[in-house]
Structures are given as structure tokens and as C-alpha cells.
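All ligand and atom numbering here is 1-based and tracks the order in the structure. Since we're looking at a predicted model, the values are computed, not measured.
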Amino acid sequence: MEIHSIAHHFLTGWANFWRSVITPGWGNFFWLLVTVSLLVHVAELVRPWRREQPVLRRELGLDIFYMFFNMFLFPLLGYATLSAFFASHVESLGLVQKLRGSISLTALPAFVQLATLFLIRDFLQWNIHRVLHIVPALWKIHEVHHSAETMSYPVHLRYHWAENIIYRVPEYSIFLLIGSNLIDVFLIYVVSLSIGHLNHANLKLPWGFLKYLFNTSELHLWHHAKQNPRGYGVNFAITLSLWDWLFGTAHDPAEQPAEIGISGEPLFPDSVAGQLVWPWLKRRR
Ligand SMILES: [Zn+2]
Ligand SMILES: [Zn+2]
């Protein structure tokens, strides 16, 4: 990828984004995000789980900013172009083709390919999420997500920009290695977006035994508890709760946690600018 094609990729990214904003449709991630958000928003208005929680939360503006910043602005500011640049260099080494030849899923039926890719990606994310809680320097980054003091669907995409890199680099590598098509990747994102919105929402859905498979708002509320119930945390599920039940990190009592948020951080900033640099600020004791 030469300099002029890097510039071309960057500008095409902005042009494609603008085209998706002005042409609403189902195959377009911008309008999909808006539609899923509106549906969950209406559901929260009609049947809220915690009735005392205000609809116009103090953090709503900040969370909506993060939602569009992380989904669209951060990739458009150069991250998508940089990823494409590295991907094209890695592809040109030939190593990827060799590895892909030995682990490719393309010989499997389409549905099995999709399900396998989904499971591998989700298990990878569950592990990355645990590492974010275990390593102190990474926890500082992940604290932005946990700093929300009330839970509602926009908190799903409230996270520090560095998490885009921490999660996406291994994820893109898997997509590149195993081989994936755009429709599969789009479907995986649609399912993850919807379940992520629902498990952060102020909604209690009748999941029944499906709570052993999918992450629910009851489980994820405990993940955000201010007083951590045990160890380095509980319920690390992103989309599938299955991993927490299998590996002993599930926590599912009947009651709700007393408080949501982070503890022991009196200097945690309220502003976006403060939060973007928070992990690397020198802290006064
Ligand atoms: Zn977490
Ligand atoms: Zn969360």
C-alpha cells in the first residue's frame, strides 16, 4: 500500500461513511446502530427494570458520544486505514496464505463456518476481557467502561479508544487467518451489537435457560458492581455467557448489586478529554 493509496483509502472511508449516513438501509452499520439503539430505548421507556432510574441520565450525552466515536469516528480518523495498511503488508509476506491453507474453514458448510467463527471470536473476546481486569495497566484503560454509574444500553459502547486496538487486532487476525466473508462478519457484528445493547439496558428479559448461553442484563449488572463479588471480577461474557458458566466465573444471585461503578478512584475525570488520557496520567496520592 503506497502513500497515495493510503490517502485514497482514508478519503474513501469518509466518503463511504457519509454515503451510509445519507442513505438509510439494513446493510448499513450506521443505521443499524441507530435502529437497534432506538428499539432498545423505546423498550427501556415502556418497561424499565429499575423504575427509579431516570431516562435522562447524567451520563447519557457522554455515552452517546462514545458510541459514535468508537464505532465510526475513531476508525475514520486513521485506524481503519492503518489496519488495512498492516493487513496488506502481512498478506504480502505469504505466511498468512500458508497458515490459512492449513486452518481454513472454507470447506465446511456455510452455517458451520459462521458458527465456528462466532464461537472463536467470542471466546477470544472473553479472554481479552479477563486480561483487561487482571493487568493493572490495562484495567486503567478498561475503567472508562466501568466508570458508568447507571446502566443503560449506550454504556455498551462507552469505552476507551485503546480498547478498539486491544480487541480488534486479535479479532482481525482471526478473520484474516481463518478466512471470513463480509456477510458473516456483518452478521456477527449485528448479533454482538444487539446482545451487547440488551445486556447493558435497563431491561429484564425472560431469557430462561438461555442465560446459560447468552449474556443477560442481570449477569452483566454484576460485572459492573462497584464492590466486586470475588477475585478479579465475575461475568466476563461479551455475547456468550457460556464461557463464564464453563470456567467458573459466573455469578448469578437473585438480588442486584447495591452500586454500579468503580471504587477507590476519587480523581476519575467526568470529561471525555480527561478520560481519553486517564490511563497514563500521573496520579497524586
Ligand atoms: Zn469489564
Ligand atoms: Zn459492560
Got a salt bridge between Arg50 and Glu44, using NZ or NE/NH1/NH2 to carboxylate O under 4.0 Å?
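Not counted as a salt bridge, because no side-chain N and carboxylate O are separated by less than 4.0 Å.
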
Ring geometry between [Y] and [X] (parallel below 30°, tilted from 30 to 60°, perpendicular above 60°):
X      : Y      : value
Trp278 : Phe268 : perpendicular
His146 : His133 : perpendicular
His220 : His145 : tilted

Between Glu163 and His142, do the side chains contain a donor N or O and an acceptor N or O under 3.5 Å apart?
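Judged by distance alone, the side chains do pair up.
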
N, O or S from His200 under 2.8 Å to the Zn ion (ligand 2)
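Yes, within the cut-off.
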
Closer than 2.8 Å to the Zn ion (ligand 2), do we get an N, O or S atom from His220, backbone or side chain?
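Yes, since at least one N, O or S atom of His220 sits under 2.8 Å from the Zn ion (ligand 2).
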
Only N/O/S atoms count here: what is the atom of His224 closest to the Zn ion (ligand 2) called?
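Going through the N, O and S atoms of His224 one by one, NE2 ends up nearest to the Zn ion (ligand 2).
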
His142 atom (N/O/S) at minimal separation from the Zn ion (ligand 1)
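Per the distance ranking, His142 contributes NE2 as its closest N/O/S atom to the Zn ion (ligand 1).
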
Assess His129: does it contribute an N, O or S atom lying under 2.8 Å from the Zn ion (ligand 1)?
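So His129 counts as coordinating the Zn ion (ligand 1), yes.
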
So, 2.8 Å as the limit: is an N/O/S atom of His145 located closer than that to the Zn ion (ligand 1)?
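His145 does not place any N, O or S atom closer than 2.8 Å to the Zn ion (ligand 1).
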
Answer yes or no: does atom CG of Leu11 have more than 12 heavy-atom neighbours from other residues, nucleotides or ligands under 6.0 Å?
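Counting other residues, nucleotides and ligands, CG of Leu11 exceeds 12 neighbours.
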
Once rounded to 10°, what is the value of the angle centred on the Zn ion (ligand 1) between His133 NE2 and His146 NE2?
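Seen from the Zn ion (ligand 1), NE2 and NE2 are separated by roughly 100°.
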
